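Because the structure is a prediction, the values reported are computed rather than measured. Letters A, B, ... mirror the listed sequences (proteins, then strands); counts begin at 1.
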Amino acid sequence: MGELAAEKHVRYILAVEKKKDSYEALLMEHLRMNGAYWGLTTLDLLGKLGVVDEAEVVSWIMECQHESGGFGGNVGHDPHILYTLSAVQVLALFDKIHVLDIDKVASYIASLQNEDGSFSGDIWGEVDTRFSYIAICALSLLHQLARIHVEKAVNYIVSCKNMDGGFGCTPGAESHAGQIFCCVAALAITGSLHHVDQDRLGWWLCERQDNKSGGLNGRPEKLPDVCYSWWVLSSLIMIDRVHWIDKNKLIKFILGCQDLEKGGISDRPDDAVDVFHTYFGIAGLSLLEYPGVKPIDPAYALPVDLVDRIFVLRRQPKA
Amino acid sequence: MAATTTNAAACSEEEAFDILDQLIDILERDPLIDEVGFVHPSQIQALSEGANTGSRSTEVFQKDEVLDNNDVQKKRWAFWHGDHKLGISTHFLPLLYVAAKHKFMASCMKYRISTEASKKQMDGDDQDIGISLAFSKIEMEVIRHSKALLLLCGDFGTAWNTRKHIGTSKQNLLLFMDELQLSTLILSVAPKTECAWSHRRWVIKMLAGSANLAEILEQESLLVEKLAEKSKMNYRAWNHRSWLVSYMSKQQMLHELAKSRNWAGLHVADNSCFHYRRRLMLGMLDNAMKEQDLIARSAEVESLSVVWKEELDWNEILIRRYIGREALWLHRGFLSICWAEKLIGYFSILDNGEATLGHAGNRLSMFVEHELRLHHLCSSVQDSEFDDYIKQAVLSAAYILHLHMQFSGRLRIQVVDKRQADDLRTLLHHVCPEKNWVWDYFLQT
């Protein structure tokens with residue numbers, strides 16, 4: 001089996017962060033907040049968050065906040081729940097959640113809940129179970145879950161459960177490993193995992209593993225992709241079925257997706273690397289307990305030591 | 001300096017805005033453009049050299065970086081336009097993006113300021129014509145620049161949002177159709193662009209009450225099918241098509257199922273397209289079960305049973321023809337379970353007012369026998385050298401195991417007896433030993 005080229009990946013992420021004018025970076029400008037989360041969480045998992053200029057990042061994040069309380073993907077961009085979670089997560093990495101007006105952010109997120117318990121991404125009303133997860137995850141990190149109708153939120157997620165045990169983005173939508181992760185994690189955070197048919201979903205999830213390459217895909221008939229090392233694996237862990245896949249084969253697949261010269265990880269072997277897949281590859285290795293990578297929480301997608309700090313070691317403020 | 005691998009053009013801001021204006025000019029002169037592509041500079045060169053009379057290439061004269069001293073202007077083609085198709089040279093994409101973003105953000109800022117101003121104006125008594133004219137001019141700028149920006153970066157959410165702001169304030173049917181057209185254009189470049197798909201849903205929600213909704217739904221469905229040809233198993237595209245089902249009448253659902261069958265038959269590895277069929281069938285089943293009038297409901301269930309049987313038969317033909325296709329077996333799993341749980345027993349309950357399980361039970365056991373025969377056919381591995389035949393055996397066995405699990409729980413019947421279960425275990429251990437623990441786990445229950 002190969003080895004994890006951790007140093008190379010750290011250097012890759014730092015280099016990508018600086019290259020803001022490359023064409024690839026330009027096309028990702030509008031979601032730089034997500035990119036910050038992917039890059040910085042990876043650095044933290046590899047024990048290298050300290051090399052980053054924390055003050056610069058924090059001040060940039062706050063510049064992205066809109067008067068509504070939500071965050072845009074970059075300065076001057078409209079707010080959306082997607083970037084709001086990333087902002088909260090990155091501030092959490094730096095233990096800087098207290099710089100937020102927590103009430104303002106929580107109000108923004110709570111305002112996006114609909115009558116049926118679902119969540120919209122922004123004022124324009126698009127509904128998706130990803131947004132349910134984001135709302136629940138972010139509010140939970142801020143100790144503000146009580147700001148939403150949790151039971152209705154859970155009921156909506158359950159209404160998105162399909163006959164195969166999986167979940168889609170809306171009721172009746174095709175089961176997709178990414179959406180499954182969001183629904184299962186949201187149910188986990190709200191203590192509602194009993195709604196999941198663990199056997200049926202576990203079977204669907206373990207079918208994602210390609211016996212030859214060891215990689216995981218996100219839906220039937222699709223090619224394996226490193227990012228599903230996260231979505232599928234964390235879901236299996238949360239429903240206590242991770243022993244249903246071959247972990248060693250998966251580790252081998254992820255390591256095979258590294259660019260050992262330039263650093264970074266790609267979706268599958270020999271493809272171009274990017275920060276997105278680098279994060280999910282490292283996060284997947286973390287779940288697989290690969291040495292040299294800090295443990296990551298499967299529901300919050302943040303390092304376990306950080307989640308402990310937020311929930312266990314700190315007294316919770318009044319909700 | 002940046003390596004030549006990115007091949008990015010470098011020029012002054014003024015020159016960049018000039019090239020952007022040329023792009024906008026092409027877009028405005030030809031509102032019927034229905035396809036945009038990013039092409040390698042050499043391809044644009046080839047297109048322009050083989051140009052027919054209808055097409056036009058747009059040259060851009062640029063200083064060549066390397067030959068700076070000689071001040072030689074190097075001729076580069078930026079755009080090719082013909083037949084309502086537009087090609088943009090990849091060489092110019094970065095600078096076009098920077099210019100478009102700059103212009104859009106500037107016009108967006110002006111628009112937001114002016115909407116604030118006009119809101120305050122509305123509180124006043126006088127109609128200030130000056131402000132309302134300027135408002136339209138600013139809107140035009142936003143529309144123009146957001147279109148160019150979105151062509152270059154379809155996921156630039158803020159650009160879509162500002163168009164939505166304008167659309168909401170105008171409530172104009174033509175404007176909404178323009179929005180759909182722009183989204184179609186962007187999807188021709190990048191069919192997975194999430195914002196483009198959600199923008200369509202916003203438009204359709206705005207048009208929900210209008211008379212031509214049925215026609216629009218039909219066009220949306222066709223668009224997905226067209227894009228799905230190039231972009232296999234595109235989740236966003238098929239999800240959009242599924243979303244339309246909630247706006248469909250029973251007739252439309254039936255029509256869609258029939259109309260999309262040929263395409264499905266030619267794309268048997270596309271799980272999303274079969275999921276769409278399941279969505280339509282579940283939609284019809286839900287409608288039938290919601291019917292209050294018992295006679296009407298029974299008629300609907302009867303016609304649905306015919307649809308279900310046809311789908312099962314057609315699925316079997318495909319399974320026998322296309323060996324080892326997961327999507328086909330998953331589809332069969334759904335069809336069988338619904339058939340057994342919701343449709344087979346239905347009439348027996350109605351016939352004489354009480355549940356005649358015997359009659360339903362007969363139909364069910366005949367169905368199970370048929371499925372077991374199909375399984376035996378598919379699991380006789382003819383040539384173990386070919387993965388497809390092994391895959392077929394695994395899928396077939398897994399399918400029977402699924403039915404066994406489902407029926408023993410919900411219908412309390414055993415699909416396989418002890419001996420058949422042992423045979424199943426032996427087969428699965430032989431063709432798919434990697435998952436032995438899964439097979440054993442489910443076979444023990």
Side-chain angles (χ1 to χ4, degrees), chain A residues 19 21-31 72-80 82-83 120-128 162-164 168-176 178-179 199-200 202-204 206-207 209-212 214 218-223 241 243-246 249, chain B residues 2 6 8 90 93-94 97-98 101 105 108-109 152-153 155-162 164 194-195 197-199 201-202 205 232-233 235 238-239 242-243 245-246 269-272 275-276 278-279 282-283 325-327 330 333-334 337-338 387 398 402 405 432 434-435 437-438 441-442 445:
Chain A
K19 248 173 65 176
D21 299 323
S22 74
Y23 183 45
E24 292 72 26
L26 288 176
L27 280 188
M28 303 243 294
E29 254 187 7
H30 63 281
L31 51 72
N74 210 329
V75 179
H77 288 242
D78 283 352
H80 195 284
L82 285 166
Y83 310 118
S120 299
D122 61 13
I123 54 169
W124 299 108
E126 177 77 357
V127 168
D128 190 311
N162 295 319
M163 278 174 61
D164 55 16
C169 52
T170 48
E174 190 185 352
S175 294
H176 180 295
Q179 308 291 152
D199 283 347
R200 197 178 299 273
W203 188 345
W204 190 93
C206 76
E207 290 279 304
Q209 186 161 40
D210 171 31
N211 287 328
K212 286 211 177 66
R219 281 180 288 155
E221 303 270 21
K222 296 222 81 176
L223 291 175
R241 295 284 185 275
H243 49 287
W244 285 13
I245 57 147
D246 187 325
K249 272 191 177 164
Chain B
T6 53
T90 51
L93 288 174
Y97 170 84
V98 172
K101 190 192 84 169
M105 292 296 227
C108 185
M109 180 86 74
L152 303 163
C153 181
D155 266 315
F156 204 102
T158 308
W160 289 111
N161 291 349
T162 316
K164 290 202 224 333
E194 188 180 331
C195 291
W197 288 110
S198 64
H199 197 68
R201 287 190 278 277
W202 172 79
K205 279 188 245 176
K232 298 277 185 272
M233 283 191 71
Y235 190 77
W238 285 103
N239 174 56
S242 283
W243 179 84
V245 175
S246 51
D270 194 317
N271 192 58
S272 297
H275 174 86
Y276 176 61
R278 297 196 274 279
R279 179 75 181 83
L282 276 174
R325 293 268 60 102
E326 194 179 1
L330 290 175
F334 158 84
I337 289 168
C338 282
D387 288 342
H402 264 298
M405 265 177 64
C432 189
E434 301 87 3
K435 290 202 164 63
W437 34 260
V438 183
Y441 179 88
F442 287 111
T445 44

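Interface summary for chain A: among B:L93, B:L282, B:V438, the most heavy-atom pairs under 4.5 angstrom belong to B:L93. The most heavy-atom pairs under 4.5 Å with chain B, out of A:G218, A:G121, A:C169, A:G125, come from A:C169. Of the listed residues (B:E194, B:H199, B:K232, B:R278), the greatest number of heavy-atom pairs within a distance under 4.5 Å of chain A belongs to B:E194. Top candidate by heavy-atom pairs under 4.5 Å with chain B, chosen from A:Q209, A:H243, A:E126, is A:E126. Among A:H30, A:E174, A:E29, A:M163, the residue with the largest count of heavy-atom pairs under 4.5 Å with chain B is A:E174. Between chain A and the options B:K205, B:R279, B:K164, heavy-atom pairs under 4.5 Å are most frequent for B:K164.
By the 30° and 60° cut-offs, the orientation of the rings of B:F442 relative to A:W203 is parallel.
Contact annotation for B:D155: both backbone and side-chain heavy atoms come within less than 4.5 Å of a heavy atom of chain A. A:D246 does not touch chain B: none of its heavy atoms, backbone or side chain, sits under 4.5 Å away. Using a 4.5 Å cut-off between heavy atoms, A:D164 does not touch chain B at all. For a residue to count as touching a neighbouring chain, one of its non-hydrogen atoms must lie under 4.5 Å from one of that chain's; by this rule B:A159 does not touch chain A. Of the two parts of B:L152, only the backbone, made up of N, CA, C and O, holds a non-hydrogen atom closer than 4.5 Å to a non-hydrogen atom of chain A. Residue contact with chain A, scored on non-hydrogen atoms closer than 4.5 Å, is absent for B:C108. The parts of B:E326 that come within reach of chain A are both its backbone and its side chain, each placing non-hydrogen atoms under 4.5 angstrom from that chain. Looking at B:V98, only its side chain comes within 4.5 Å of chain A, counting heavy atoms on both sides.
Side-chain atoms of B:T158 never come within 3.5 Å of backbone atoms of A:H77 as a donor-acceptor pair (strictly under, hydrogens ignored). Between the side chain of B:Y97 and the main chain of A:L26, a donor-acceptor pair closer than 3.5 Å is present.
Residues A:W244 and B:Y441 meet the side-chain proximity criterion, which asks for heavy atoms closer than 4.5 Å.
The OG atom of B:S272 lies 9.0 Å from the NE2 atom of A:H176; values are rounded to the nearest 0.5 Å. Atom CG of A:N211 sits about 10.5 Å away from atom CG of B:D387, to the nearest 0.5 Å. Here the NZ atom belonging to B:K435 is positioned 5.0 Å from the CD atom belonging to A:E207, to the nearest 0.5 angstrom. Rounding to the nearest 0.5 Å places CE of B:M233 at 4.0 Å from CZ of A:R219. Taken to the nearest 0.5 Å, the CZ atom of B:F334 stands 10.5 Å off from the CG atom of A:N162. Rounded to the nearest 0.5 angstrom, A:D122 CG and B:S198 OG are separated by 8.0 Å.
Of all heavy-atom pairs between B:Y235 and A:G168, the closest is OH-CA, 3.7 Å.
Ion pairing between B:R325 and A:E221 holds under the 4.0 Å rule for side-chain N and carboxylate O.
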